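Predicted model, so just to flag it, every value in this text is computed and none were measured. Numbers restart at 1 for each chain; the letters A, B, ... are given by sequence-line order, proteins then strands.
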Amino acid sequence: MKTLVIVESPAKGKKIQDYLGEGYKVKASFGHIRDLPAKKEEVPAKYAAEPWARLGIDVQNGFQPLYVVPADKKKNVAELRSLAQEADRVLLATDGDREGEAIAWHLVKALGLKDNFERMVFHEITREAIQKAVTNTRPLDYALVGAQESRRILDRLCGYGVSPALWQSIGPSLSAGRVQSAALASLARRELARMNHVPADYWRITAQISPNEGCEPFNAVVVSIKGQALVGPKDYGSDGQLKADTTSLMLTQEQAKQIVDFIKGRGVTVSGVETAPFSTKPPAPFTTSTLQQAASKALKMGPKKTMDVAQKLYEGGKITYMRTDSPALSDEATQAARAVAAALFGPASVPASPRQFKAKGNAQEAHEAIRPAGKNFVAPDQTGLVEDELALYELIYRRTVASQMIDLQGNKTVLHLKSGAVGLQSSGRVITELGFTRLYADDSDKKDEQPLPNVSEGAALAAPDAKAELRKTPAPGRFTEATLIKALESAGVGRPATYANIIEVLKNRGYTALVEGKMYVTWLGLLVAAYLAEQFPSLVDLAFTVKMEEDLDRIAAGQMKREEYLTAFWTEGLEQTIAGAKHEAPAVALSQFGVVVTARHEQVVMLKDGKSVPLNLDIVPDSLTAEKVEQIMSGRPVSRASSPKSKGGKKPKAKGRKKPPTTLELPEGGV
DNA sequence: CAGTGAGCGAGCTTCCGCTTGACTT
């Protein structure tokens, strides 16, 4: 054996072995092989007494990290080491991103490589790409490794630095971190906005309009009276009061009824017609984040389940790698997608030149999009897959092929109507070309689909029916697991390998849970978020990661020193904030009920007039009513309201956690 | 004198990101 090639994923290794053939041995690292010690028992005895042993970073001494090989990686590392000793040279073919560069460097250290190693990078797994990569190796990029180490150290300092403040202020085993705390804060802001939301009324008046010549009737909405707009949701603040600067008209019930009768009696005339062609491009091929969103919507599959199923498809050679932030297709995939579309819907269903998709933001693009594997896509019914795997494969297949199809096209029409001083409007559209929606469509492609008749200005139309509904302004909607991931991704927080995991952490800590498929924040989550927002405002700021990424880019470009950056962040910043943080429980005041929710003796409690009662975390915060508060304060059990089918038997328990904290009532506490 | 129980103190919890199986719910 001459050359040892080390990749991150064993499934990837197998294919590359095929392409490289004899003379090469391809093995997998299985991700990272060394890390900071997770707990004290991982710290080697000679360092155990050091003051920095708990952090695993000698902050006084240039932020020197202590790396160990975790127990479950030892066997693999030993095997790689002996293979490396027999090899003439070692190609470090880990992923072409910051983490991959760091894994390569850790391999150099852990395997004791001297100077017989080179870095090999590729972005797609085809025979050509691999053979080219083997002959175009480069040296290790130590500045990029330094950026990754900075990221790792910063995350450790945030997480292990701030979490103890939560133990001292609220309860044991709680956690904080750059990613999870930003996510929790986003959820908590939304939850509080819902709790503080005061619904306000507005009238929505609609009319059914009947065109003269035997056409289908269509719907129109009243938008103005004597040119003055009607009050709608936009005119109210979150306090339920009309905004001071609104010029809109609020109707009384009497007036609304009069308008209904007026329209019915009088009919409408067409006062304007606007018609314009529209076209909608197909969505880009899947990244991890968009796959999770689509699977959630179309298949009702949560992010974790989606990733488990995708992993199976990947290992079975059905799809490309499922942890990616790039929507780009390789040339072979682009051709395959076009060929499928042309075969299914004819050559006119694909545009003359292939579509290209590029990632935006801080994507690292080490892989291509998630798509059917190979240079010829296997049709879903030919895969032999069943159930979840089939459903997810088909979703990926359709989305990939659709991305290379022509636009959805049609004409959008807005009719302006008048009934005396009452102004109405109706919009609709006519599809002239289904385009990619023949293969892949979601609800957003189906808006305003009513066809409108071909009428011209001045035409008089009957209004056989009209009605007025009193509506209430809706509270801001909750996040689903998938929409939270979308929000995090667009803020640059988290990575494809961690999106699903972020959600699991929030659930396992008891910070969030699901009601009717939506994420809500528990009382515990609200307290943690409140404490962090007060004592560690930068940690709950979504923009923090963006700033960090900019600094890491500077370190990777050699424009900033690692130690300088970490000194500014820790020694001159967070370390002092931690030292100055108050160790007292935060409080969420519910002034409308005259109670306060806080923590006492490591329990979440509700306080009223000096009396404190433990609070069950199953009670959804925004489901509280005065009666419920009464019931809680009198010590009677309260069931959680808005979920009719609460699953009593299911216990989402932390994986690595031996025993959940018993002093805090976590959601699984039941009873 | 032996068994019990209150009280006290020590030790532990925790991060993000990269990968799969090994688990015990």
Side-chain angles (χ1 to χ4, degrees), chain A residues 6-13 27-41 48 54-57 65 70-73 75-77 94-104 106-107 148-168 170-183 288 307-308 310-312 314-315 321-325 364 366-367 488 493-502 504-505 508-509 528 539 545 548 552 574 578 602 649-664 668:
Chain A
I6 304 177
V7 297
E8 292 183 39
S9 154
K12 209 185 281 181
K27 294 300 256 179
S29 75
F30 292 81
H32 273 289
I33 54 151
R34 298 201 308 179
D35 194 10
L36 300 171
K39 45 183 61 179
K40 212 157 193 180
E41 68 185 36
R54 195 185 70 87
L55 289 175
I57 301 158
D72 59 339
K73 298 286 173 71
K75 201 177 140 201
N76 192 237
V77 170
T94 48
D95 293 352
D97 56 18
R98 194 166 65 210
E99 296 294 328
E101 202 72 18
I103 294 173
H106 279 297
L107 284 166
Q148 190 277 345
E149 282 198 283
S150 305
R151 197 280 305 155
R152 180 68 189 91
I153 291 168
L154 180 145
D155 280 330
R156 169 55 64 88
L157 293 173
C158 281
Y160 281 29
V162 174
S163 295
L166 292 173
W167 308 340
Q168 292 177 36
I170 303 176
S173 305
L174 300 176
S175 63
R178 172 177 59 85
V179 169
Q180 63 169 282
S181 297
T288 301
M307 293 311 284
D308 286 348
Q311 176 88 28
K312 290 260 161 56
Y314 168 65
E315 286 170 3
Y321 198 59
M322 64 280 153
R323 288 184 278 265
T324 175
D325 54 16
Q364 306 199 10
H367 304 93
L488 292 176
V493 175
R495 300 279 309 134
T498 62
Y499 291 136
N501 198 244
I502 295 165
E504 296 306 302
V505 168
N508 288 338
R509 293 278 167 276
V528 170
L539 199 61
T545 292
M548 179 193 78
L552 295 182
L574 187 59
I578 292 168
E602 305 187 336
K650 201 177 145 197
K651 290 189 182 177
K653 202 166 169 188
K655 229 192 357 200
R657 172 180 283 170
K658 301 260 157 30
K659 49 173 188 205
T662 48
T663 40
L664 277 171
E668 66 240 38

Side-chain N,O (A/Tyr499) to OP1/OP2 (B/dG17) below 4.0 Å: no

A/Thr498 side-chain N/O to B/dG17 phosphate OP1/OP2 under 4.0 Å: yes

Side chain of A/Lys39 (C-beta onward), nearest among B/dT13, B/dT19, B/dG17: B/dT13

Stacked cation flag A/Lys12 on A/Tyr321, 6.0 angstrom / 45 deg: yes

Selected nucleotide, minimal atom distance to A/Phe30 side chain, candidates B/dC18, B/dC16, B/dG21: B/dG21

Selected nucleotide, minimal atom distance to A/Arg151 side chain, candidates B/dT14, B/dC18, B/dC16: B/dC16

Side chain of A/His32 (C-beta onward), nearest among B/dC16, B/dG17, B/dT20: B/dG17

Nucleotide of B/dG17, B/dT13, B/dC15 approaching A/Trp167 most closely (side-chain heavy atoms): B/dT13

Atom pair distance, as rounded to whole Å: CZ in A/Arg98 and P in B/dC16: 14 Å

Separation between CG of A/Leu574 and CG of A/Leu154, rounded to the nearest 0.5 Å: 8.5 Å

side-chain hydrogen bond (donor to acceptor under 3.5 Å, both in side chains) partner of A/His32, chosen from A/Glu99, A/Glu8, A/His106: A/Glu99

Listed nucleotide nearest any side-chain atom of A/Ser163, set B/dC18, B/dC15, B/dC16: B/dC15

Strand DNA chain B as a dot-bracket string - pairs counted if Watson-Crick or G-U with both distances under 3.5 Å, | where the partner lies in another strand: .........................

Side-chain heavy atoms of A/Gln311 within contact of A/Arg323, under 4.5 Å: yes

Gap between atoms CD and C1', on A/Glu8 and B/dG21 respectively (whole Å): 17 Å

Which residue lies more 5' along DNA chain B, comparing A/Arg323 with A/Gly161 via nearest heavy atoms: A/Gly161

Minimum-distance nucleotide (side-chain atoms of A/Val505 versus B/dC15, B/dT19, B/dT14): B/dC15

Whole angstrom value for the distance that separates C1' of B/dA22 from CG of A/Asp72: 10 Å

Touch class at under 4.0 angstrom, heavy-atom based, for A/Arg152 against every strand present: base

Residue A/Arg509, side-chain heavy atoms: nucleotide from B/dG17, B/dC12, B/dC15 that is nearest: B/dC15

Distance, rounded to the nearest Å, where A/Gln148 contributes CD and B/dC15 contributes C1': 13 Å

Sugar-phosphate only, base, or nothing, as touched by A/Asp95 at under 4.0 Å among non-hydrogen atoms: sugar-phosphate

Touch class at under 4.0 angstrom, heavy-atom based, for A/Ala102 against every strand present: nothing

Rounded distance (Å) that lies between atom P of B/dC16 and atom CD of A/Glu149: 19 Å

4.5 Å side-chain heavy-atom contact, A/Pro496 and A/Thr324: no

Phosphate OP1/OP2 of B/dC16 contacted by A/Gln180 side-chain N/O (<4.0 Å): yes

Length of the CZ-P vector between A/Arg54 and B/dG11, whole Å: 14 Å

Note, A/Met307 side chain near A/Asn501 side chain (heavy atom, < 4.5 Å): no

Lys/Arg-Asp/Glu bridge criterion (N-O < 4.0 Å) met for A/Lys312, A/Asp308: no

Side chain of A/Ser9 - closest among B/dT20, B/dC16, B/dT14: B/dT20

Value in whole Å for how far the C1' atom of B/dA22 lies from CG of A/Asn76: 15 Å

P spacing across the pair B/dT25 / B/dT14, given as an integer number of angstrom: 16 Å

A/Asn508 CG - B/dC15 P separation (whole Å): 10 Å

Smallest separation among heavy atoms of A/Ser181 and A/Ala176, with atom names: OG-CA, 3.4 Å

Options B/dC15, B/dC18, B/dT14, nucleotide nearest the side-chain atoms of A/Arg156: B/dC15

Separation between CG of A/Leu36 and CD1 of A/Ile153, rounded to the nearest 0.5 Å: 7.0 Å

Touch class at under 4.0 angstrom, heavy-atom based, for A/Gly494 against every strand present: sugar-phosphate

Sugar-phosphate only, base, or nothing, as touched by A/Gly31 at under 4.0 Å among non-hydrogen atoms: base

Check: A/Arg178 side chain, B/dC15 base, donor-acceptor under 3.5 Å: no

